[in-house]
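Beneath this line is the structure, given in structure tokens, with notes to follow.
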Amino acid sequence: MTEIDSALWRTASYSIDNNGCVEAAPLATKTGVRDTKNRSHGHLEITPAAWTELVRALKG
């Protein structure tokens with residue numbers, strides 16, 4: 001089993017109401033991000049700094 005297979009994916013609270021369906025999971029050195037509706041399409045792995053900046057930018 002890979003780290004992604006055992007990751008604890010969480011649906012972003014803001015995506016529930018607007019049907020955005022984004023999930024995130026903490027990984028050993030990065031954060032995994034994927035589309036809930038298309039899990040089989042893979043995921044992105046971004047650094048903690050990039051994740052922080054992304055969340056900051058989305059909050060506006």
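Below, all heavy atoms of this structure are taken into account, side chains as well, without hydrogens, waters or symmetry copies.
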Measure across [X] and [Y] and return the closest heavy-atom pair with its distance rounded to 0.1 Å.
X: L27; Y: A7; result: CD2-CB, 4.0 Å
X: E45; Y: I4; result: OE2-CD1, 3.9 Å
X: G42; Y: R34; result: O-CB, 3.6 Å

Separation between CD1 (I46) and NZ (K30), nearest 0.5 Å, reads 10.0 Å
Please check if the number of heavy atoms outside L8 that lie under 6.0 Å from its CG is greater than 12. no
Are H43 and W9 close enough, and set up right, to give a side-chain contact (heavy atoms from CB on, under 4.5 Å), and what steps lead you there? CA-CA 11 Å; H43 67 282; W9 293 93; 4.1 Å; yes
Does the pair E23 and T11 meet the rule for a side-chain contact (heavy atoms from CB on, under 4.5 Å), with working shown? CA-CA 4 Å; E23 292 181 325; T11 301; 3.8 Å; yes
